[in-house]
Number of protein chains: 2
Amino acid sequence: MASHGARGRSGGRPTLEEVAARAGVGRGTVSRVINGSPRVSDATRAAVEAAVAELGYVPNTAARALAANRTDAIALVVPEPETRFFTEPYFSDILRGVGAELADTEMQLLLIFAGSDRERQRLAQYLAAHRVDGVLLVSVHADDPLPDLLSQLEIPAVISGPRSAAETLPSVDSDNYGGGRSAVEHLLARGRTRIAHITGRLDVYGAQRRVDGYRDALRDAGYEADEGLVEPGDFTEEGGHRAMVALLSRDPSLDAVFAGSDVMAAGARQALREAGRRIPEDVALVGYDDSAIARHMDPPLSSVRQPIEEMGRRMLDLLLTEIADRRPAASRGLEPRQVVLATDLVGRASS
Amino acid sequence: MASHGARGRSGGRPTLEEVAARAGVGRGTVSRVINGSPRVSDATRAAVEAAVAELGYVPNTAARALAANRTDAIALVVPEPETRFFTEPYFSDILRGVGAELADTEMQLLLIFAGSDRERQRLAQYLAAHRVDGVLLVSVHADDPLPDLLSQLEIPAVISGPRSAAETLPSVDSDNYGGGRSAVEHLLARGRTRIAHITGRLDVYGAQRRVDGYRDALRDAGYEADEGLVEPGDFTEEGGHRAMVALLSRDPSLDAVFAGSDVMAAGARQALREAGRRIPEDVALVGYDDSAIARHMDPPLSSVRQPIEEMGRRMLDLLLTEIADRRPAASRGLEPRQVVLATDLVGRASS
DNA sequence: AGGTACCGTGGGAGCGCTCCCATAGGTGAT
DNA sequence: ATCACCTATGGGAGCGCTCCCACGGTACCT
């Protein structure tokens, strides 16, 4: 407590050069030790490490960034208002996954919101200044210009869900198609036949894929597609409510609903209640995400679980690889990697 | 869209030097323009700004940090597990306030969690490397070593609540004492006389102050302090429940409860229900924070509101001043600034 | 013995800025 | 006209690191 050891001898913090002098070696050698190069003899390494410890040496990040042209930082960009970030468990789960994986690294994570135009402006500036080595982009809409900006700036990036089937950026996603299928198959297995679907925002590719899975599962089971049973939602509770009301008035005989998210399922549940339908007796309900909402709903909601935390982990993995691969010149765009993780359906009382 | 202008002429991004050449001036002059120095003629400034625009110049942060010995970044440190951060609206409100105030700045905000030992280790390393110009520390406990570490490293810092009456670090807090008083006065005005208090964690100074306010308000109204009516909680729902049970068994005649947080009030409400007490007929209930919980409780909860978002804003203000003041040598420790913001009681059906 | 190969190492040359000193010119007072 | 003084400007000297080339030494080959 009373002594700060050998620190601050000459006023400031120790530099590489001082460590070198102390260890009786050259600057280059200390640099090699610090960076874990194998081309250093054990004896030298030990001497340097001792000097580092004695002086309490910590490398100066700015100098390193300047000399090596890298920042050892990556950004998690959330192109949404902060509110959604705090409201939807999706984001915190991703963050948790990324954070867990990052702990093994020397990298620093920046959290950047880009919901408003102004924030996007700042972000563009920030990226142009190359202040991060890579970017994780979550919740991307079809017409978002951010991905293009990133590839233009040649900043490695990974997105949480492809924007289309022709996505070129590396991405990590869960199997939305399979998730959609499994929801429907689950309901069919429970004897339901008139299964409606409340979709998510259709400018989100994943939401489209859930619809595809829904349609194919029904068709494979021999049911003709009935477009009257598909109603677009927007991932909000109100949207779910609205969609449910529309569905009920259009086809009062429906006996099941697959909602594209738990939040929308909550809205749908409310609408079903108001219409006097019992869950699951009259109408079975299945959501998507398996969030806290699903567990706490009355009745508890069956839901398609995505391994969100793992998605975060995998996104970081991909990004780090991407950053490492940036060395051999001009291999841009070759074999982009798309990871798809399996979903599984968690059955509860609502179906 | 199709052209990226003059960018990338010589492979990389433009440098100060290139801008200077383009504008026909020296490096120093460009630097002055970039940094808003007044000692530049209007004509020269215009020429430089034109060159900057044409080349799409963006200063290299690393170089600037190295040369100027500052990072233009500050950290918001949350010495708690991430879960609390996402669960409690307090943190997101602070973040929102800080973010809003920061938007006018060139500064970058880093969000750092230091809940686990490992994370704290990393944080210490990070701070030792002086990678931020200042730190905002929220939710500090009495025995937290972080504040001392910060002053040892001579890193400007502001904390969200003083650790004690003798706090030396600049801090921003709401008037916990006044908040506690107002809750009690509100209940007294409603004709309640046997007012219990469920406290927060007493190693949080603010929680203590609420207790002080509670005691003084009762005493000023002529009621003798009855220590049987004070029960420690821990800011959790379970803690609130437990405390309420204890209070009821100790003194069944109580007719009001002031809980040190809305979350604890929720726990208390549950316990009151289980004991068959009606709210507010039998027992009036007042919480603290005026969070979403308060509005959604059944019945809606009266609560002491703190201007959390403004606290965030003020914290940033203080920190920026602190950073700016760091220039004139050795004025350390002189007139630390402590800001205290007023609370106000939001009356609802629970009291 | 001479040659070739590699290994561990030292240190120069920057990375792109900011800081600050020096300089040139302009202004007003003497 | 002279001097003192101020303002706008140029550019050298670093900030602390990484990269890379060059060096001496050792080991192994022919």
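Here is how names work: the chains are called A, B, and so on, in the same order as the sequence lines, proteins then strands, and each is numbered from 1. Because the structure is predicted, anything quoted here is derived from the model rather than measured. Heavy-atom basis, side chains included; hydrogens, waters and symmetry copies ignored.
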Could you tell me whether A:Asp117 and A:Arg120 have a side-chain N and a carboxylate O separated by less than 4.0 Å?
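Answer for the salt bridge query: no.
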Which nucleotide wins on minimum distance to the side chain of B:Ala68, given the candidates C:dG16, D:dG16, C:dC19?
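When the side chain of B:Ala68 is considered, C:dC19 is the closest of C:dG16, D:dG16, C:dC19.
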So, A:Thr29 side chain and A:Val25 main chain: donor-acceptor pair closer than 3.5 Å or not?
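No.
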Could you tell me whether a side-chain N or O of B:Asn60 sits under 3.5 Å from a main-chain N or O of B:Ala62, the two making a donor and an acceptor?
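Yes, the answer is positive, given that a donor and an acceptor are paired below the 3.5 Å cut-off.
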Reckon [X] has a side-chain N or O less than 4.0 Å from the OP1 or OP2 of [N]?
| X | N | answer |
| --- | --- | --- |
| A:Ser41 | C:dT9 | yes |
| B:Ser31 | C:dC17 | no |
| B:Thr29 | D:dG10 | yes |
| B:Asn69 | C:dT18 | no |
| B:Asn35 | C:dT18 | yes |

Figure out the [atom1]/[atom2] separation between [X] and [N], and round it to whole Å.
| X | N | atom1 | atom2 | value |
| --- | --- | --- | --- | --- |
| B:Leu55 | C:dG16 | CG | C1' | 15 Å |
| B:Asp72 | C:dC17 | CG | P | 13 Å |
| A:Arg39 | C:dC6 | CZ | P | 10 Å |
| A:Arg32 | C:dT9 | CZ | P | 8 Å |
| B:Arg64 | D:dC15 | CZ | P | 19 Å |
| B:Arg13 | C:dC17 | CZ | P | 8 Å |
| A:Asp42 | C:dG8 | CG | C1' | 12 Å |
| A:Arg131 | C:dC15 | CZ | P | 21 Å |

Can you classify the ring geometry of A:Phe113 versus A:Phe85 as parallel (below 30°), tilted (30 to 60°) or perpendicular (above 60°)?
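Geometry flag for A:Phe85 against A:Phe113: perpendicular rings.
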Heavy-atom donor-acceptor pair, A:Arg45 side-chain to C:dG8 base, under 3.5 Å:
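A donor-acceptor contact between them is absent.
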Any N/O donor-acceptor pair, A:Arg27 side-chain to C:dG12 base, under 3.5 Å:
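Yes.
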By nearest heavy atom, map B:Leu66 and B:Thr44 onto DNA chain D; which one lands nearer the 5' end?
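So the residue in question is B:Thr44.
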Salt bridge (charged side-chain N to carboxylate O under 4.0 Å, His left out) for A:Asp173 and A:Arg314? Distances and angles first, verdict last.
CA-CA 9 Å; A:Asp173 203 359; A:Arg314 299 297 291 272; over 6 Å; no
